[in-house]
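Within every chain, numbering begins at 1; the chains are lettered A, B, ... in the order of the sequence lines, protein sequences first and strands thereafter.
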Number of protein chains: 2
Amino acid sequence: METIPRNIHLVINEKLFVKDPETTNLGKRILEHSILLIDEVGFEAFTFKKLGQIIGSNESSVYRYFENKHKLMLYLSSWYWSWVEYRMIFAVHNIEDPLDKLHRAIRVVTGDVLDDDRTIYINESVLNRIIIAEFTKTFLTKEVDEENKEGFFKVYKNVICKLSELMLDVNPEYPYVKSLASSIVEGALHQHYLKAHFQTITDFAEKDKDLTEFYIQSINKILL
Amino acid sequence: METIPRNIHLVINEKLFVKDPETTNLGKRILEHSILLIDEVGFEAFTFKKLGQIIGSNESSVYRYFENKHKLMLYLSSWYWSWVEYRMIFAVHNIEDPLDKLHRAIRVVTGDVLDDDRTIYINESVLNRIIIAEFTKTFLTKEVDEENKEGFFKVYKNVICKLSELMLDVNPEYPYVKSLASSIVEGALHQHYLKAHFQTITDFAEKDKDLTEFYIQSINKILL
DNA sequence: TATGATTTAATAGTAATACTATTATTTTTG
DNA sequence: CAAAAATAATAGTATTACTATTAAATCATA
């Protein structure tokens, strides 16, 4: 995959970090290994102490970059959705047919993720795995409304809005574009999770059945 | 609503509790007030200490019923899905037409929940709110696979399997019944949450648009 | 190269949480 | 009424998620 030119930087809400981790070596090591460690032990068991030990640095040094682990997770999530948005725009660019555009966007949002070598310190395929397992929990909290006001979920909402606009181009009469788009984005994460942990309630454990195909077929029937 | 006859007891996996809370007064008070307290402060801030204070009892007494708060949440979730399953079976019983049956089941799974007065110590409409906000988190953990083996999510999976069977009766050729069913069950919870916290990415903040209607329309187009 | 500024590391400490263990007291039951 | 069971009270532990302080290392530049 070659989607992000090296000179482009994904911009992240400044309230999510104390010090921009992309500006220093230690910061990049924090990003790199927090992704790997969260993937390994899960967000609940992930601590700054363990992370510090792994990167040969100190707990308190991690705190100079991120206020707490929740903010770090929100940072990683924003990075992820920003990257998805970028790839989505890239995928539909210069395409004429609205339905073709929508299909390409759906492919980006629901498809499997390969590592993008252009960012050495972020392993996108592992990041995708932790988004599948952990992202939903970032907004299922008592603090959602405040954090939403602070714009912590803006990039995620952007992806959904972009997708719903593409749907509207296919069928301007359809009344539920926003819910259809949010269902697909969240639903794809959920089906990926089921595939890994609850094979009895998903069809995508079977090799010949494909998630993206399911969504493309469904929206064709719903919108056309 | 009059769905559960007083003499019927929802059976819950015995590994979820130390002592069956439905057998004693204190147990019922624990169920009643844990639902209210989780709704009030959220699962993360919910502790057995606070619960003990509220029910005028002791932290350690709560531990005699539930090993920890996660198991308590799993207990409440099982109770909820068991109740949904019961209502679903009840709703389709004696109905002939497969499509009519499916529509009725979808209505149970996606519709708003009113309190069922037959169980005095469980407020179903509050329980529904905490399921919307907290249930997904119960399986997004590193322990899913073990807990799944223990049968902690059996009732939830039952609901989805029942729903997918009804879909198969409508269209035996459709290849994605399980994923369609799990998408609807999880998707409905998600859309309810969006309605409460992320109005920009759902259509159901608008009064004239209805979640159940959206799902019934969608499955009609997908299955027929 | 010296000086100051910034960054990072190390240490210690705190409040809260999620328990466990023990004993005393109350309630239930036969 | 006595024995058994349930509950309450108290205390204690390990871990977590931080904060504060100071020391050491690195860097930037006059």
Aromatic centroids of A:F139 and B:F198 separated by under 6.0 Å:
yes

In whole Å, I'd like the distance from the CG atom of A:L26 to the C1' atom of D:dC27.
15 Å

Contact class for B:T47 vs. all strands (heavy atom < 4.0 Å): base, sugar-phosphate, or nothing?
sugar-phosphate

For A:E67 and D:dT16, what is the distance between atoms CD and P respectively, to the nearest whole Å?
21 Å

For a quick check, tell me whether the side chain of A:S60 and the base of C:dA10 share a donor-acceptor pair closer than 3.5 Å.
yes

Closer than 4.0 angstrom, basic N to acidic O: yes or no for B:E40 and B:R129?
no

Rounded to whole angstroms, how far apart are CG on B:N68 and P on C:dC19?
5 Å

Can you check the B:Y65 OH to D:dA6 P distance for me, whole Å?
8 Å

Would you classify A:K69 as touching base, sugar-phosphate or nothing, given that sugar-phosphate means primed atoms plus P, OP1 and OP2, and contacts are heavy atoms under 4.0 Å?
sugar-phosphate

Angle class for the A:Y193/A:H197 ring planes (parallel below 30°, perpendicular above 60°, tilted otherwise)?
tilted

Return the value, rounded to whole Å, for the distance between atom CZ of A:R64 and atom P of D:dA20.
13 Å

Does a side-chain N or O of A:K19 approach OP1 or OP2 of C:dT8 to a distance below 4.0 Å, or not?
yes

Euclidean distance, atom CZ of residue B:R29 to atom C1' of D:dT7 [Å, nearest integer]:
13 Å

Categorize B:K49 for me: base, sugar-phosphate, or nothing, with a 4.0 angstrom heavy-atom threshold over every strand shown.
nothing

Could you check, using the six-membered ring where one of them is a Trp, whether A:W81 and A:F135 have ring centers closer than 6.0 angstrom?
yes

Sugar-phosphate only, base, or nothing, as touched by A:Y63 at under 4.0 Å among non-hydrogen atoms:
base

Starting at NZ of A:K71 and ending at C1' of D:dC18, how long is that distance when rounded to a whole Å?
13 Å

Indicate, with a heavy-atom threshold strictly under 4.0 Å, whether A:E59 touches base, sugar-phosphate, or nothing.
base

Closer to the 5' end of DNA chain D via nearest nucleotide, is it B:G56 or A:F48?
B:G56

Length of the line joining B:N58:CG and D:dA11:P, which is rounded to integer Å:
12 Å

Aromatic contact, B:F214 with B:F204 (centres under 6.0 Å):
yes

